[in-house]
Amino acid sequence: MEGFNWNSPVNIEIRLLAESRGDELVGPALGQYKPGRACDYRHIKLKCGHSMDTRITHYRVGRTECRTCFEIELRRVAALQDLELKSMEIVRYANERVYIRKCGHELICSNDYLKKHKRTKCKPCTDNIIKANIGRYGFSLVKRLGSVSKISCNICARQYSTRLAENH
């Protein structure tokens, strides 16, 4: 690595810290950083075998985890729920990401939610089933509120609240 000082105090400290954790300091950061910020990062080969640029301050306090291993874990948990991870980008808050159901509809939730909860039914698909079932009796779906649905009579337009079973 041309221009990289392996014997600077920071690099010696990071190299020793990496060795104590089973990692290896590879050299300077490989990514593109703002001018003057690249010196805050180093390229580390983690004990899992993957490499990544990590911020020195985060590495010192142990707030570094392998993004590749994390993505593999997200995909594994999603597959257990018959979902596919659409992207690693966080879309709302609390680490929520977009997953695709087998039916093609999207589900937005966190990895922790998927780990803790059972597989949920697809709301748009369930709505379509309910609409088809009640349409045969002259009603239309206005709104679903959990297990209770608001339906409207197609003849008199009167609205009712009821519990509907979505028979397949």
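Note that the numbering runs from 1 along the sequence shown for the chain.
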S.K.: Testing the basics here: between Phe139 and Ile151, what is the closest heavy-atom pair and its distance to 0.1 Å?
M.R.: CD2-CD1, 3.8 Å
S.K.: Would you please name every residue forming a side chain to side chain donor-acceptor pair (under 3.5 Å) with Glu24, sequence neighbours left out?
M.R.: none
S.K.: Sequence neighbours left out, what passes side chain to side chain donor-acceptor pair (under 3.5 Å) with Glu65? Give chain and number order.
M.R.: none
S.K.: Can you tell me how far the CG atom of Leu114 sits from the CG atom of Leu107, to the nearest 0.5 Å?
M.R.: 6.5 Å
S.K.: Do Ile90 and Val98 belong to the same hydrophobic cluster, where Ile, Leu, Val, Met, Phe, Trp and Tyr are linked whenever their side-chain heavy atoms lie under 4.5 Å apart, directly or via other members?
M.R.: no
S.K.: Among Thr54, Thr64, Asp23, whose side-chain hydrogen bond (donor to acceptor under 3.5 Å, both in side chains) with Tyr59 holds?
M.R.: Asp23
S.K.: Rounded to the nearest 0.5 Å, how far apart are NE2 of His50 and CD1 of Ile44?
M.R.: 15.5 Å
S.K.: Return the set of residues passing salt bridge (charged side-chain N to carboxylate O under 4.0 Å, His left out) with Glu73 (not counting sequence neighbours), or none when no residue passes.
M.R.: Arg76, Lys115
S.K.: Give the minimum heavy-atom separation between Cys109 and Tyr99, together with the two atoms involved.
M.R.: O-CE1, 3.4 Å
S.K.: Can you tell me if Asn11 uses its side chain to pair, donor with acceptor, with the backbone of Asn5 under 3.5 Å?
M.R.: yes
S.K.: Test of understanding: clusters of I, L, V, M, F, W, Y form through side-chain heavy atoms closer than 4.5 Å, transitively. Do Val61 and Leu17 belong to the same one?
M.R.: no
S.K.: Rounded to the nearest 0.5 Å, what separation is found between the OG atom of Ser20 and the CZ atom of Arg15?
M.R.: 12.5 Å
S.K.: Report, as yes or no, whether the 6.0 Å neighbourhood of atom CD1 on Ile155 holds more than 12 heavy atoms from other residues, nucleotides or ligands.
M.R.: no
S.K.: Do the side chain of His117 and the main chain of Tyr113 share a donor and acceptor less than 3.5 angstrom apart?
M.R.: yes
S.K.: Sequence neighbours excluded, which residues qualify as side chain to side chain contact (heavy atoms under 4.5 Å, CB included) partners of Val10?
M.R.: Ser8, Ile14, Arg42, Ile56, Arg60
S.K.: Does Thr126 reach the side chain of Arg144, with side-chain heavy atoms less than 4.5 Å apart?
M.R.: yes
S.K.: Quick test of your reading of the model: are Asp127 and Lys123 salt-bridged, counting only N-O distances below 4.0 Å?
M.R.: yes
S.K.: Might you point out which heavy atoms bring Ser140 and Ile134 nearest each other, and give the distance in Å?
M.R.: C-CD1, 3.5 Å
S.K.: Lys121 versus Arg101: any side-chain heavy-atom pair under 4.5 Å?
M.R.: no
S.K.: Closer than 3.5 angstrom, by distance alone: can the side chain of Gln159 be matched with the main-chain N or O of Ser152 as a donor-acceptor pair?
M.R.: no
S.K.: In terms of hydrophobic clusters joined by side-chain contacts under 4.5 Å, are Leu83 and Ile72 together?
M.R.: no
S.K.: Taking only distance into account, with no hydrogens and no angle test, what donor-acceptor pairs under 3.5 Å do side-chain atoms of residues 25-34 form with protein atoms, sequence neighbours excluded?
M.R.:
from, atom 1, to, atom 2, distance (Å)
Tyr33, OH, Asp53, OD2, 2.9

S.K.: With distance as the sole test, does Arg97 use its side chain to make a donor-acceptor pair with the main-chain N or O of Asn95 at under 3.5 Å?
M.R.: yes
S.K.: Say you draw a straight line from CD1 of Ile100 to NZ of Lys86; how long is it, rounded to the nearest 0.5 Å?
M.R.: 5.0 Å
S.K.: Of all heavy-atom pairs between Ser161 and Val148, which one has the smallest distance, and what is that distance?
M.R.: CB-CG1, 4.2 Å
S.K.: To check you understand the geometry: which heavy-atom pair defines the closest contact between Lys47 and Gly22, and what is its length?
M.R.: CB-O, 3.3 Å
S.K.: Check side chain to side chain donor-acceptor pair (under 3.5 Å) between Ser110 and all other residues, then give those that pass, not counting sequence neighbours.
M.R.: none
S.K.: Any chance you could measure Asn111, atom CG, to Arg75, atom CZ, to the nearest 0.5 Å?
M.R.: 12.0 Å
S.K.: State, to 0.1 Å, how close Leu141 and Ser149 come at their nearest heavy-atom pair, and which atoms those are.
M.R.: CD1-CB, 3.9 Å
S.K.: Membership question, hydrophobic clusters at under 4.5 Å side-chain separation (ILVMFWY): are Tyr41 and Met52 in the same one?
M.R.: no
S.K.: Taking only Lys NZ, Arg NE, NH1 and NH2, and the carboxylate oxygens of Asp or Glu, determine whether Arg67 and Glu71 approach each other closer than 4.0 Å.
M.R.: no
